Amino acid sequence: MSVVEISGLTKTFTKGNVTALQGIDLQIEAGEFVSLIGPSGCGKSTLLRVIADLTPPTEGTVSVNGKPAPKARADHDYGMVFQDSVLFDWRTVAKNVALPLEMLGRDRARRKERVEEMLKLVELQGFGDHHPWQLSGGMQMRVAIARALAFEPSLLLMDEPFGALDEMTRERLNIELLEIWRRTQSTVVFVTHSISEAVFLSTRVVVMSPRPGRIAGIVDVDLPQPRTTSTREEPRFFELVTEVRELLRGVGADQHGSVLAEAAE
Ligand code: ADP
Ligand code: MG
């Protein structure tokens, strides 16, 4: 059974009559790390939101863990992290991470235990009593990841989580995220517009074309695990980056050339 199974998905927003996604077929298996990449406005966030049942498909079907997306949502089958994932400044780090557990009605002792486990996972032990504003951007993002993983979702959906961070922090968090992915054995769907980030992180990169968003191609990333700082220096890394870049260019060779050049960094 696939973790995510999308078939014949089309999404049209009535507002503005925009077809954001058209004819999307995609299967994601347990334990995969799949990135969605494409130029701004190609429907990456919309695709993630449809998987998460935050917006309904216009046509086609989406199932998560073999269930319709709304059922998976009700069952808390996934956690989500966004670029602007909001931490509550008046709550401590521990209380931010505990929030979904409170909403699920977990008792205090179990919450405390789980929060400590999560803070350890993202290497923020000892920061539970701090407030978000006392932490760096990278640390805040790790709190958001800890919170998303607190109720052990099998699927983690991430929308440009590191987009606002500087390059060095981002590369460090990339390695930490892979470590978390390995330890939790979860499945990740990760939206980015950075080609190198997509290749570095993923087992597969799904390249999307501009509006209406379609899948232009899928690149299998056969770089060995675990990925390390030297992964980015391997010849195979550059080959894969080039493969993704060419797919992005190819689909936009007509009027979208300039937009795609931007996405190609
Ligand atoms: P991306 O994440 O790849 O930048 P989005 O999924 O955010 O792209 O958007 C895809 C297209 O759908 C864009 O043209 C955007 O303007 C449109 N769109 C996204 N959300 C809405 C909405 N809620 N209502 C109307 N149009 C939307
Ligand atoms: Mg987006």
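Counting starts at 1 for both ligands and their atoms, in listed order. Worth knowing before you read on, the calculation uses all heavy atoms, side chains too, and leaves out hydrogens, waters and symmetry mates. Quantities reported herein were computed from a predicted structural model and do not represent experimental measurements.
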Please give me the protein atoms (N, O or S only) lying under 2.8 Å from the Mg ion (ligand 2), ordered by chain and number. S45 OG
Supply the atom-to-atom distance D25 CG to R214 CZ, rounded to the nearest 0.5 angstrom. 12.0 Å
Any nitrogen or oxygen of C42 lying under 3.5 Å from a nitrogen or oxygen in ligand 1? Just yes or no. yes
For ligand 1, which atoms sit closer than 4.0 Å to a heavy atom of S40? 4 (O)
What do you reckon, does G43 put a non-hydrogen atom under 4.0 Å from ligand 1? yes
Flag this pair as yes if the NZ/CZ of R232 is under 6.0 angstrom from the six-membered ring centre of F200 and inside a 45 degree cone about the axis; otherwise no. yes
Anything under 30° is parallel, anything over 60° is perpendicular, the rest tilted; go ahead and classify F127 against H130. tilted
Among all protein non-hydrogen atoms, which one is nearest to atom 5 (P) of ligand 1, and what is the separation to 0.1 Å? T46 OG1, 3.6 Å
With the side chain counted from C-beta on, respond yes when L47 and V189 share a heavy-atom pair under 4.5 Å apart, and no when they do not. no
Based purely on interatomic distance, does G41 place a nitrogen or oxygen under 3.5 Å from a nitrogen or oxygen of ligand 1? yes
Within a distance of under 4.0 Å, is there any protein heavy atom near atom 16 (O) of ligand 1? no
Which of parallel (below 30°), tilted (30 to 60°) and perpendicular (above 60°) describes F162 and F190? tilted
In Å and rounded to the nearest 0.5 Å, what is the CE to NZ distance from M118 to K120? 10.5 Å
Measure from atom 3 (O) of ligand 1 to every heavy atom in H193, K44, K15 and give the option owning the shortest one. K44
